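What you are looking at is a predicted structure, and each value in this text was computed from that prediction instead of being measured.
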Amino acid sequence: MKLTILGGGGFRVPLVYGALLTDRAEGRVTEVVLHDLDAGRLSAVVRVLAEQAAQVPGAPAVSATTDLDEALRGADFIFSAIRVGGLEGRANDERVALAEGVLGQETVGAGGIAYGLRTVPVAVDIARRVARLAPDAWVINFTNPAGLVTEAMSRHLGDRVIGICDSPVGLGRRIAQVLGGNPKEAWIDYVGLNHLGWVRGLHIAGRDELPRLLADPDLLGSFEEGKLFGVDWLQSLGAIPNEYLHYYYFNREAVRAYQQAEKTRGAFLRDQQAHFYETVAGPGVGALDAWDRTRAEREATYMAENRETAGAGERDADDLSGGYEKVALALMRAIARDERTTLILNVRNRSTLSALDGDAVIEVPCLVDANGAHPVAVAPLPDHATGLVCAVKAVEREVLAAAESGSRTTAVKAFALHPLVDSVNVARRLVEGYTEVHPGLAYLK
């Protein structure tokens, strides 16, 4: 079975390959093809993967190419993990937004819109090529903003593109563990959009244990989200939000923290990864050791500004091991082998949430089998959550419309309608600022 990874020179690719090596049940993957536009980054990642596989009999063969069509032909599964504009683009997303006093985070607010505007046209081109060159392939989308990009690709691939994120899985795991349950045996009632969802129940042996957690201030304050959001606010909500909702519920504090930080997250990762790729290119360097050290620092500093704002302290060791690669392989295995499982995924709504149309991509528990991912029926969201979900989905639709039409006016509308952008004039200046720094937005006229 052939697995193609788009964005194959990306820093997190060794997580995927490492999971393939350690999960020996996934022995059907015999070939891994890495595609990237940057041959130097591809070479560095190939070195890391070679060291990972050195002592593993029967490890999947790895090849690399800068030819997209070559990478797609004959693929059974395609992992899309591209980053249009690179980390320099992410740093610019943050800088332009913060200069206007609004959030520039990669997937939330102005930064997420800018990233979406330059990523959607590329993702659509990939989807069209997949439909032509590998029509039977399943596309598993890692590319952020994951829900928006998955929806853009679904217009050409239908249900054969599925978006993934490890945030809901990590949240459910933390809740189950603090309640003394086995995360693998828990049913997580999670509903929303990517990076905009809530756990409303967690069932262990058929019993919803979330009310017990919400009623116990000590227990509720003992894990990441309790520290991040505060016990009182979680009890008011009656649910546990995805960590990214901190940008909405504590937006003023988050923006101030990012403005005061020595470096934005994007600038930190840009400099960190530049050093990694430069180091690995040198002679006599242990590529895998260099990657491990860099990854540990990356994970430990994740959402550091938010945790500092909330006084949440350092991340727990259990949260430093990633997880999105495990979700991707579980999804791939379930489809390839018809091994039915339940995963929280980004899929087309169908009739799951009545407030949204059937083609809107949402993030919900899904039953997965050989025919793909099927969203499970869920109870409606409360009004406050429905309002936020509908507002953000409306913004995503304007981004898709702007990407399709090239309309600068529609792009301004997308920014202006976002809950975290507080002025139409700010929206206009954001579009001006982003088109100046991003060549990939030259299509907006």
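Not a single donor-acceptor pair under 3.5 Å links the side chain of T150 to the backbone N or O of I162. With Q235 contributing its side chain and L214 its backbone, the two residues share a donor-acceptor pair below 3.5 Å. Using a distance-only test at 3.5 Å, with no hydrogens or angles considered, a donor-acceptor pair links the side chain of N349 to the main chain of D357.
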Legend entry - Stepwise side-chain contact (heavy atoms from CB on, under 4.5 Å) test for R95 and V437: CA-CA 10 Å; R95 179 177 57 79; V437 299; 3.5 Å; yes
Inset, instruction - May I have the step-by-step check of side-chain contact (heavy atoms from CB on, under 4.5 Å) for Y17 and E325, ending in yes or no? - result: CA-CA 9 Å; Y17 192 68; E325 71 284 355; over 6 Å; no
Legend entry - Chi angles and distances behind the ring-ring contact (aromatic ring centres under 6.0 Å, His included) call for Y277, F11: CA-CA 9 Å; Y277 286 107; F11 182 78; 7.0 Å; no
Inset, instruction - Tell me, with the steps shown, if W187 and T342 meet side-chain contact (heavy atoms from CB on, under 4.5 Å). - result: CA-CA 9 Å; W187 171 268; T342 302; 3.3 Å; yes
Inset, instruction - Just do the side-chain contact (heavy atoms from CB on, under 4.5 Å) check on E253 and H246 with the steps written out, would you? - result: CA-CA 10 Å; E253 293 83 358; H246 191 266; 5.8 Å; no
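Annotation: the span from L234 atom CG to E225 atom CD amounts to 8.5 Å, rounded to 0.5 Å. Here the CD atom belonging to E100 is positioned 5.5 Å from the CG atom belonging to L430, to the nearest 0.5 angstrom. Here the CD1-CD1 distance, from I78 to I140, works out to 10.0 Å after rounding to the nearest 0.5 Å. Atoms CZ and OG1, on F276 and T294 in that order, are 6.0 Å from each other to the nearest 0.5 Å. Between D383 atom CG and L388 atom CG the span is 12.5 Å, to the nearest 0.5 Å. Here the OG1-NE2 distance, from T4 to H35, works out to 10.0 Å after rounding to the nearest 0.5 Å.
Minimum interatomic distance between S154 and R348 (heavy atoms only, all atoms of both residues): OG-CD, 4.0 Å. In terms of heavy-atom proximity, L34 sits nearest to L42 at CB-CD2, 3.7 Å. The minimum heavy-atom distance linking A403 with V120 is given by the pair CB-CG1, 3.6 Å. Smallest separation of non-hydrogen atoms from C165 and N194: CB-ND2, 3.3 Å. Shown here for A402 and T410, the closest heavy-atom pair between the two residues is N-CG2, 3.7 Å. Shortest non-hydrogen contact noted between R200 and V378 is NH2-CB, 3.8 Å.
For the residue pair Y247/Y258, the side-chain donor-acceptor check at 3.5 Å is satisfied. Checking T341 against E339 by side-chain atom types alone, no donor-acceptor pair falls below 3.5 Å. Using modelled atom types, one finds a donor on one side chain and an acceptor on the other under 3.5 Å when comparing H438 with D93. Side-chain atoms of Y190 and N242 form a donor-acceptor pair, as typed in the model, at a separation below 3.5 Å.
In this structure, F77 and I335 have side chains that are in contact, with non-hydrogen atoms separated by less than 4.5 Å. Looking only at side-chain heavy atoms (C-beta outward), I240 and W198 stay at 4.5 Å or farther from each other. No side-chain heavy atom of W291 sits less than 4.5 Å from a side-chain heavy atom of V13. The side-chain heavy atoms of V29 and M332, taken from C-beta on, include a pair separated by under 4.5 Å. Within the 4.5 Å cutoff, side-chain heavy atoms of L288 are placed close to those of Q52. Taking the side chain as every heavy atom from C-beta outward, V139 and L157 approach each other to under 4.5 Å. Within the 4.5 Å cutoff, the side chain of L343 has no heavy atoms near those of the C366 side chain. In this structure, the side chains of N141 and I164 stay at 4.5 Å or more apart for every pair of heavy atoms.
With respect to the salt-bridge test (charged N to carboxylate O, under 4.0 angstrom), the residues E151 and R397 qualify. Between E396 and K393, at least one side-chain nitrogen of the basic residue sits less than 4.0 Å from a carboxylate oxygen of the acidic one, meeting the salt-bridge criterion. A salt bridge links D125 with R129: the distance from a Lys NZ or Arg NE/NH1/NH2 to an Asp or Glu carboxylate oxygen falls below 4.0 Å. One finds no salt bridge joining R429 and E432 here, because no Lys/Arg side-chain nitrogen approaches an Asp/Glu carboxylate oxygen to under 4.0 Å. At a threshold of 4.0 Å, the pair R350-D159 counts as salt-bridged, since one of the basic side-chain nitrogens sits closer than that to a carboxylate oxygen. A salt bridge links K413 to E398: one of the charged nitrogens lies within less than 4.0 Å of a carboxylate oxygen.
Between Y324 and F142, the angle of the ring planes goes over 60°, which puts this pair in the perpendicular group of the 30/60° scheme. The aromatic rings of Y248 and H418 sit parallel, their planes meeting at an angle under 30°, below the 60° perpendicular limit. Using the six-membered ring where Trp is involved, F250 and F229 have ring planes that are tilted, between 30° and 60° apart.
Atom CZ of R207 is surrounded by 12 or fewer heavy atoms from other residues, nucleotides or ligands within 6.0 Å. Environment of CD in E404: sparse, with no more than 12 heavy atoms of neighbouring residues, nucleotides or ligands closer than 6.0 Å.
Among R90, E106, E94, the single residue meeting the side chain to side chain donor-acceptor pair (under 3.5 Å) criterion with T264 is E94.
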